[in-house]
Amino acid sequence: MNDKSQRIEPRTLKGFRDYLPETMIPRERLMATARSVYRSYGFSPIDTPALEYLEILTGKGSAETDKQLYKFEDHGGRAVALRFDLTVPLARFAAQHYNALGTPFKRYHIAPVWRGENTQAGRYREFIQCDFDTIGTRSLAADIETALVIHDLFLALGFSEFSIRINHRQILNGLLERLGLAQQATHVLRAIDKLAKIGPAAVAAEMAETAGATAAQSADVLRFAALAGSNEEVLQQVRPLVAGNATGETGLAELVRILQGAAAGGVPPQRLCVDLSIARGLDYYTGAIFETFLTALPTIGSVCSGGRYDNLASLYTSQQLPGIGASLGLDRLLAAMETLGMLDKVATPAPVFVAYFVESRLDDYLKLAAHLRRAGIGAEVFPDAKRLGQQLKYADRRGFRVALIAGEDELAAGQCQVKNLASGESETIALEADAASVVAAVKRQLAKTSGSE
RNA sequence: GUGGCUAUAGUUCAGUUGGUUAGAACGCCAGAUUGUGGAUCUGGAGGUCACGGGUUCGAGCCCCGUUAGCCACCCCA
């Protein structure tokens with residue numbers, strides 16, 4: 001077994017990753033933040049299996065998603081696949097439990113999904129999505145609420161500079177109808193979606209190639225996709241372009257209503273911008289569509305996207321299930337926060353370090369830590385009675401914020417040092433049977449240092 | 001899936017037209033300081049040069065394959 005040639009090389013599959021504490025701690029914090037924002041709006045948690053019958057996942061898929069599916073045969077000879085998003089499982093789930101759920105139904109789902117596509121920076125084969133959806137209602141109140149949730153979410157995550165880009169599929173469809181491009185809508189929208197990235201000339205070329213658009217049609221499409229200015233200004237310019245087209249006028253009216261509601265709900269207009277170049281590649285969107293960009297890092301792409309769909313579960317049930325939802329890309333957002341330096345290098349989730357000073361006093365340290373935990377403060381007792389300097393170095397490296405130090409001298413005097421590791425400040429506190437004063441001193445010190453957990 | 005670039009200590013990288021025992025910085029461990037961390041100094045551990053084959057008297061360096069990473073396309077979170 002010790003023979004090196006027989007040793008198995010430890011490694012992870014392409015596109016899959018291990019998570020060390022310093023990346024897992026912020027990851028969990030983000031998930032907890034998303035969870036609490038979703039719950040504050042009344043969204044309920046659900047979960048579904050990682051594996052589904054292949055036919056469930058391929059039913060609505062395009063050739064593209066089929067290629068990305070991890071599919072195989074299980075031990076019983078069933079054709080199965082790993083879910084590649086959380087929306088298709090929701091459709092199956094809603095169709096299957098329709099009667100038990102009732103409508104409207106609001107759920108959130110934070111879970112990993114798998115895509116067998118090529119990797120790239122911030123793009124992996126296994127990643128977490130944080131979805132929230134409202135199904136069973138066509139009310140624009142749900143659309144408005146989607147904007148509010150996204151807005152609250154990014155504020156709660158610590159961002160102030162971001163913009164939620166909003167558009168409406170029916171406006172796009174109305175415009176395309178007037179231009180005679182309605183049949184090729186999917187290709188045209190896919191091309192428009194790339195406008196910011198590849199520029200108008202390349203978009204025109206793509207539309208000519210994939211949608212057979214004439215030069216005049218391309219020019220018209222690009223003209224409306226490039227409309228800019230304040231929301232009022234953009235809407236003003238769109239109005240005549242959809243005038244007389246029922247689809248376009250409906251879309252425009254809905255968009256106006258959503259903007260008004262979002263403003264009433266507290267979203268400042270600079271954070272919710274009408275952007276007619278937002279198209280979303282997925283063809284099942286039928287109404288409002290959203291993408292969210294970080295002002296400091298627009299190149300990373302959308303970190304939270306979604307939109308309204310008319311009929312989520314038509315493949316699985318005859319029930320009409322309209323809805324709207326969005327998905328936070330946790331791993332992409334983490335990659336962004338990493339490059340923006342927004343993540344603390346903390347490798348411990350407990351803020352208090354208890355030094356193991358005198359070997360015979362272990363029980364005293366254990367009691368001290370227990371009192372802190374009872375007060376809701378995480379505490380770790382060092383496992384070895386090593387030199388104090390080494391223990392403090394360990395505490396410092398891991399990002400502990402307060403250290404408790406009690407040697408023979410302190411214990412004999414019925415005292416304990418409470419040391420703030422950020423400032424170096426240390427106070428000596430009386431150590432009562434219930435350690436109440438120490439707990440109070442720890443709370444005081446923790447309040448002085450910023451930090452989470 | 002297609003095309004391009006890359007792979008040397010835990011990390012970031014040196015390594016000269018192929019030529020003896022592969023280096024640095026940071027990190028890690030220990031000591032200077034048998035009760036006080038983030039500074040300094042000293043010492044130490046750690047690499048079959050991603051893996052497998054080939055060319056050569058000789059390969060970290062050249063060739064082929066595999067794996068992984070990065071970039072573009074595609075698509076998307």
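Here is the naming used below: chain letters follow the sequence lines, and residue numbers restart at 1 for every chain.
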Choose from [options] the nucleotide whose nearest atom is closest to any side-chain atom of [X].
X: Tyr124(A); options: G35(B), G37(B), A77(B); value: A77(B)
X: Gln68(A); options: A77(B), C71(B), C75(B); value: C75(B)
X: Phe127(A); options: G31(B), A77(B), C71(B); value: A77(B)
X: Lys393(A); options: A77(B), G37(B), C74(B); value: G37(B)
X: Arg115(A); options: A30(B), C75(B), C76(B); value: C76(B)

Between [atom2] of [N] and [atom1] of [X], the distance in whole Å:
X: Gln129(A); N: C75(B); atom1: CD; atom2: C1'; answer: 14 Å
X: Asp396(A); N: A39(B); atom1: CG; atom2: C1'; answer: 12 Å
X: Gln120(A); N: C5(B); atom1: CD; atom2: C1'; answer: 13 Å
X: Trp114(A); N: A77(B); atom1: CH2; atom2: P; answer: 16 Å
X: Phe353(A); N: G35(B); atom1: CZ; atom2: C1'; answer: 14 Å
X: Asp384(A); N: G35(B); atom1: CG; atom2: C1'; answer: 17 Å
X: Lys419(A); N: G38(B); atom1: NZ; atom2: P; answer: 10 Å
X: Leu421(A); N: G38(B); atom1: CG; atom2: P; answer: 12 Å

Quiz item: Could Arg125(A) and Glu117(A) be called an ion pair, given the rule that one side-chain N must be under 4.0 Å from one carboxylate O?
Solution: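 No, no charged N to carboxylate O under 4.0 Å.
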Nucleotides 65-68 of chain B: which of its N/O atoms have a protein N/O under 3.5 Å away?
residue, atom, partner, partner atom, Å
A68(B), OP1, Lys14(A), N, 3.4

Practice problem: Please check if the distance between the ring centroids of Tyr108(A) and Phe132(A) is under 6.0 Å. | Solution: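 Not under 6.0 Å, so no.
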Quiz item: With a 6.0 Å cut-off on ring centres, are Phe293(A) and Phe162(A) close enough?
Solution: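 For Phe293(A) and Phe162(A), the ring centres are not under 6.0 Å apart.
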Do the side-chain N or O atoms of [X] get closer than 4.0 angstrom to the phosphate oxygens (OP1, OP2) of [N]?
X: Arg387(A); N: G31(B); value: yes
X: Lys194(A); N: C73(B); value: no
X: Gln390(A); N: A30(B); value: yes

Rounded to whole angstrom, note down the [atom1] distance from [N] over to [M].
N: A25(B); M: A68(B); atom1: C1'; value: 26 Å
N: C62(B); M: U8(B); atom1: P; value: 14 Å
N: C5(B); M: C64(B); atom1: P; value: 11 Å
N: U67(B); M: A30(B); atom1: C1'; value: 38 Å
N: G47(B); M: U56(B); atom1: P; value: 32 Å
N: C70(B); M: C57(B); atom1: P; value: 40 Å
N: U17(B); M: C13(B); atom1: P; value: 22 Å
N: U20(B); M: U12(B); atom1: C1'; value: 29 Å

Looking at every strand, decide which applies to [X] at a 4.0 Å heavy-atom threshold: base, sugar-phosphate, or nothing.
X: Glu117(A); answer: base
X: Arg123(A); answer: base
X: Thr119(A); answer: sugar-phosphate
X: Asn118(A); answer: base
X: Glu410(A); answer: base
X: Glu408(A); answer: base
X: Ala422(A); answer: base

Quiz item: Picking from Tyr394(A), Phe400(A), Tyr356(A), Phe357(A), what satisfies ring pair (Phe, Tyr, Trp, His ring centres under 6.0 Å) with Phe382(A)?
Solution: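 Looking at Tyr394(A), Phe400(A), Tyr356(A), Phe357(A), the match for Phe382(A) under the ring pair (Phe, Tyr, Trp, His ring centres under 6.0 Å) is Tyr394(A).
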Quiz item: Closest nucleotide of RNA chain B for Ala406(A) versus for Glu126(A): which of these residues is on the 5' side?
Solution: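 Looking at RNA chain B, the more 5' nearest nucleotide goes with Ala406(A).
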Quiz item: Looking just at side-chain N and O atoms, do Arg387(A) and Gln391(A) make a donor-acceptor pair shorter than 3.5 Å?
Solution: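 Not at all, the side chains of Arg387(A) and Gln391(A) share no donor-acceptor pair under 3.5 Å.
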Exercise. Answer yes or no: is there a side-chain heavy-atom contact under 4.5 Å between Arg444(A) and Glu427(A)?
Key: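 Arg444(A) vs Glu427(A): side chains touch.
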Quiz item: Could one point to a donor on the side chain of Arg190(A) or the base of C75(B) with an acceptor on the other under 3.5 Å away?
Solution: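 Side chain to base: no pair present.
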Quiz item: What residues, two or more places apart in sequence or in another chain, satisfy side-chain contact (heavy atoms from CB on, under 4.5 Å) together with Gln129(A)?
Solution: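 Gln129(A) satisfies side-chain contact (heavy atoms from CB on, under 4.5 Å) with Asp85(A), Leu86(A), Val113(A), Arg115(A), Phe127(A), Asp131(A), Ser327(A) once adjacent residues are dropped.
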Quiz prompt | Contacts of Arg165(A) that satisfy salt bridge (charged side-chain N to carboxylate O under 4.0 Å, His left out) - sequence neighbours left out | solution =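 With sequence neighbours excluded, Arg165(A) shows a salt bridge (charged side-chain N to carboxylate O under 4.0 Å, His left out) to Asp275(A), given in chain and number order.
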Exercise. Please list, chain by chain and in numerical order, all residues satisfying salt bridge (charged side-chain N to carboxylate O under 4.0 Å, His left out) with Glu410(A), sequence neighbours excluded.
Key: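 Residues passing salt bridge (charged side-chain N to carboxylate O under 4.0 Å, His left out) with Glu410(A): none at all.
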Exercise. Keeping to residues at least two apart or across chains, list the salt bridge (charged side-chain N to carboxylate O under 4.0 Å, His left out) pairs with something in residues 323-333 of chain A.
Key: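 For residues 323-333 of chain A, and leaving out neighbouring residues, the salt bridge (charged side-chain N to carboxylate O under 4.0 Å, His left out) pairs sorted by first residue read Arg17(A)-Asp331(A), Arg27(A)-Asp331(A).
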Quiz item: How long is the span from the CD atom in Gln270(A) to the OG1 atom in Thr295(A), to the nearest 0.5 Å?
Solution: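 Interatomic distance, Gln270(A) CD to Thr295(A) OG1, rounded to 0.5 Å: 9.5 Å.
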Practice problem: Drop me the distance from Leu155(A)'s CG to Ile150(A)'s CD1, to the nearest 0.5 angstrom. | Solution: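 Here the interatomic distance stands at 12.0 Å.
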Quiz item: So what does the secondary structure string of RNA chain B come out as, 5' to 3', with Watson-Crick or wobble pairs under 3.5 angstrom, [ ] for crossing and | for pairs with another strand?
Solution: (((((((..((((.....[...)))).(((((.......))))).....(((((..]....))))))))))))....
